[in-house]
**Student:** 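Submitted below is the structure of interest, expressed as structure tokens.
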Number of protein chains: 2
Amino acid sequence: MTSTSNAGRAGTKGVPREERERQILDIATVEFGSRGYAYASLSGIAATAGVSKPLIYTYFGSRDGLHAACVHRAGTRLVEAVAAAQRVPGVANRALATLSAIFHALDGDTENWKLIYDSTLPPESDAHAVARTYQNALNTMGSEGVAAALAATTTDPTDHSLLLALWFNTITTTITWWTTHPTETPESMTTRSRRFLTALQQSPPPSPPDID
Amino acid sequence: MTSTSNAGRAGTKGVPREERERQILDIATVEFGSRGYAYASLSGIAATAGVSKPLIYTYFGSRDGLHAACVHRAGTRLVEAVAAAQRVPGVANRALATLSAIFHALDGDTENWKLIYDSTLPPESDAHAVARTYQNALNTMGSEGVAAALAATTTDPTDHSLLLALWFNTITTTITWWTTHPTETPESMTTRSRRFLTALQQSPPPSPPDID
DNA sequence: GGGAATTGACTCTTGGGTAATTTACCGTAG
DNA sequence: CTACGGTAAATTACCCAAGAGTCAATTCCC
């Protein structure tokens with residue numbers, strides 16, 4: 001066992017860069033995703049990953065560099081999943097298909113979504129801008145659907161921007177809720193969502209629902 | 001002018017404690033509300049308020065003490081406003097009445113709401129617990145309405161907790177949106193909300209709306 | 001002159017970032 | 001098949017800035 005045991009001291013441990021990067025990204029994603037950008041510390045991530053701080057710097061350049069790498073990976077995956085769902089035919093079912101795709105893409109690892117819609121991101125920061133990239137990509141896909149949903153009811157152009165914000169915030173809230181109910185599966189989350197979506201349409205005639 | 005000009009140097013400036021506390025609270029509310037708990041610094045608040053850090057400590061004890069004071073003031077106002085709206089008769093209109101009450105209570109000062117539903121609050125902290133107090137107070141009032149809205153459609157008990165989260169997050173999102181659209185008035189926000197609320201009921205037969 | 005109002009100038013901790021150094025792997029010359 | 005030097009992998013021990021919190025002193029009002 002002493003052949004390749006180099007604990008504590010400096011020097012390579014034989015782990016190739018690509019693999020170490022993946023390890024670090026995995027840990028960092030959880031830290032950034034669960035604690036939020038504001039509270040995840042590099043020292044903490046390094047410690048959890050069982051690696052020293054300078055290693056992370058040589059691999060990712062800076063804290064923001066590491067964060068950006070996490071966001072890119074998570075964002076790419078999600079955009080891909082949601083894009084696939086957009087190809088589902090039938091206007092009426094695309095919302096649910098989108099949700100289902102997201103739930104399955106995450107499959108319990110809710111950090112990936114929370115990374116991109118991280119509410120602790122400082123508004124004007126570079127880190128926010130990176131996350132924004134993927135938010136916009138997802139928004140673009142969602143925008144079309146929102147327009148369709150709204151067309152029949154209103155003519156106010158600013159209504160669109162608010163509804164879009166509401167829609168994505170609904171997803172984020174649902175995913176955050178999922179975090180606190182870990183026994184839920186992608187399937188059960190989808191079923192639950194279907195219930196809500198149809199409920200919106202079928203609620204009793206007395207106009208606005210009593211949701212206060 | 002030199003009679004009572006004591007700039008820079010120590011010593012009283014004749015401002016009674018109560019008034020100074022109000023000044024500081026005003027500034028701190030804006031800072032904590034707009035930047036969020038995670039990013040508002042005491043030094044910054046002190047500087048903006050034109051006051052030294054130690055003064056804030058003698059008056060509020062700690063950063064968290066100051067924050068708690070802000071939350072208490074904002075929370076009390078909001079709970080009061082929302083409670084009044086609950087007395088509105090007619091189950092169907094209470095949701096809108098609640099929103100209208102909140103919009104008017106804030107009247108553009110969206111920081112008060114954001115203080116209580118501050119997404120940068122560290123989950124397990126004391127500061128979060130204080131905000132939680134007022135969230136719970138508001139939740140209790142909203143819970144009843146959510147139950148009514150749900151009763152007709154589902155029997156799953158956990159649906160309730162998710163819908164409650166969704167409802168309050170909808171409000172927060174709407175208010176955040178308001179921040180980025182400062183020309184909106186409480187009235188216009190209410191009108192806009194009414195449009196959305198009724199749209200939910202009247203959207204075309206093809207079940208789930210195409211909101212993806 | 002006593003107490004309230006108020007501050008400059010500290011300390012201490014946390015966390016991002018860097019410099020210099022050490023260890024192991026690996027291809028090649030003898 | 002061994003010696004060896006170059007490079008990749010890693011670390012320890014720092015520096016530095018920001019921000020929470022404290023002490024003792026100061027100025028003014030009554």
Side-chain angles (χ1 to χ4, degrees), chain A residues 1-25 27-28 31-32 35-70 120 122 125-127, chain B residues 1-25 27-28 31-32 35-70 120 122 125-127:
Chain A
M1 61 167 76
T2 43
S3 63
T4 314
S5 75
N6 183 20
R9 287 189 304 286
T12 183
K13 289 171 188 163
V15 181
R17 175 164 184 161
E18 199 182 359
E19 188 182 336
R20 259 287 134 78
E21 282 188 350
R22 218 178 316 120
Q23 287 177 4
I24 296 173
L25 274 182
I27 301 288
E31 290 286 294
F32 278 127
R35 300 200 185 185
Y37 177 87
Y39 296 105
S41 81
L42 247 175
S43 321
I45 292 171
T48 308
V51 159
S52 76
K53 226 174 4 168
L55 188 64
I56 296 185
Y57 276 89
T58 52
Y59 283 177
F60 297 98
S62 67
R63 188 182 115 112
D64 273 13
L66 174 60
H67 179 257
C70 293
T120 75
S125 64
D126 289 353
Chain B
M1 60 167 78
T2 43
S3 64
T4 315
S5 74
N6 183 20
R9 288 186 303 285
T12 183
K13 290 171 187 162
V15 180
R17 174 166 185 160
E18 197 183 0
E19 187 181 337
R20 260 287 134 79
E21 283 188 348
R22 220 179 313 122
Q23 287 177 5
I24 296 172
L25 274 183
I27 300 289
E31 291 286 295
F32 277 127
R35 301 200 185 186
Y37 176 87
Y39 296 106
S41 81
L42 245 176
S43 321
I45 292 171
T48 307
V51 160
S52 76
K53 225 173 6 167
L55 187 65
I56 296 185
Y57 275 89
T58 51
Y59 283 177
F60 298 97
S62 67
R63 186 183 116 112
D64 274 12
L66 174 60
H67 178 257
C70 293
T120 76
S125 64
D126 290 353

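Below, each value reflects all heavy atoms present in this structure, side chains not excepted, and no hydrogens, waters or symmetry copies. Proteins come first, then strands; the chains are lettered A, B, ... in the order of their sequence lines, and each starts at number 1.
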**Student:** Quickly work out the A:Tyr39 OH to C:dG16 P distance and round it to whole Å.
**Tutor:** 14 Å
**Student:** Over all heavy atoms of both residues, which pair between A:Ser52 and A:Ala46 is shortest? Give the atoms and the distance, please.
**Tutor:** C-CB, 4.1 Å
**Student:** To the nearest Å, give me how far apart CD1 (B:Ile56) and P (D:dG19) are.
**Tutor:**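 Going from B:Ile56 (CD1) to D:dG19 (P), I get 14 Å.
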**Student:** Mind listing the closest non-hydrogen atom pair of A:Arg17 and A:Thr58 along with its distance?
**Tutor:**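 It is NH2-O, 3.6 Å.
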**Student:** Looking at A:Tyr57 and A:Ser62, what are the two nearest heavy atoms and their distance?
**Tutor:** CE2-CA, 3.7 Å
**Student:** How close do B:Lys53 and B:Ser43 get, counting heavy atoms only, and between which atoms?
**Tutor:** CD-OG, 3.9 Å
**Student:** Return the polar atom pairs (N/O with N/O) between nucleotides 20-23 of chain D and the protein under 3.5 Å, or none.
**Tutor:**
| from | atom 1 | to | atom 2 | distance (Å) |
| --- | --- | --- | --- | --- |
| D:dA20 | OP1 | B:Leu42 | N | 3.4 |
| D:dA20 | OP1 | B:Arg63 | NH1 | 3.3 |
| D:dA20 | OP2 | B:Leu42 | N | 3.0 |
| D:dA20 | N7 | B:Lys53 | NZ | 3.4 |
| D:dG21 | OP2 | B:Tyr57 | OH | 2.9 |
| D:dG21 | OP2 | B:Arg63 | N | 3.0 |
| D:dG21 | O5' | B:Tyr57 | OH | 3.4 |
| D:dG21 | N7 | B:Lys53 | NZ | 3.4 |
| D:dG21 | O6 | B:Lys53 | NZ | 2.9 |

**Student:** What are the two closest heavy atoms between B:Ile24 and B:Tyr59, and how far apart are they?
**Tutor:** CD1-CD1, 4.3 Å
**Student:** Without decimals, in angstroms, what is the distance between B:Gln23 CD and C:dA5 P?
**Tutor:**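 Answer to the nearest Å: 13 Å.
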**Student:** Of all the heavy-atom pairs spanning A:Ala38 and B:Ala38, show the shortest one and how long it is.
**Tutor:** CB-CB, 4.0 Å
**Student:** Give a yes or no answer on whether the side chain of B:Tyr39 reaches the backbone of A:Thr120 with a donor-acceptor pair at less than 3.5 Å.
**Tutor:** yes
**Student:** Can you tell me how far P of C:dT6 sits from CD of B:Glu21, to the nearest Å?
**Tutor:**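 The answer, rounded to whole Å, is 11 Å.
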**Student:** Separation of B:Arg9 atom CZ from D:dC29 atom P, in whole Å?
**Tutor:** 13 Å
**Student:** For nucleotides 7-9 of chain D, give me every protein contact, N/O to N/O, under 3.5 Å, one pair per line with atom names.
**Tutor:**
| from | atom 1 | to | atom 2 | distance (Å) |
| --- | --- | --- | --- | --- |
| D:dA9 | OP1 | A:Arg17 | N | 3.0 |
| D:dA9 | O4' | A:Thr12 | OG1 | 3.0 |
| D:dA9 | O3' | A:Thr12 | OG1 | 3.0 |
| D:dA9 | N3 | A:Thr12 | N | 3.3 |

**Student:** Return the orientation label for the B:His67 and B:Tyr37 ring planes: parallel under 30°, perpendicular over 60°, tilted otherwise.
**Tutor:** perpendicular
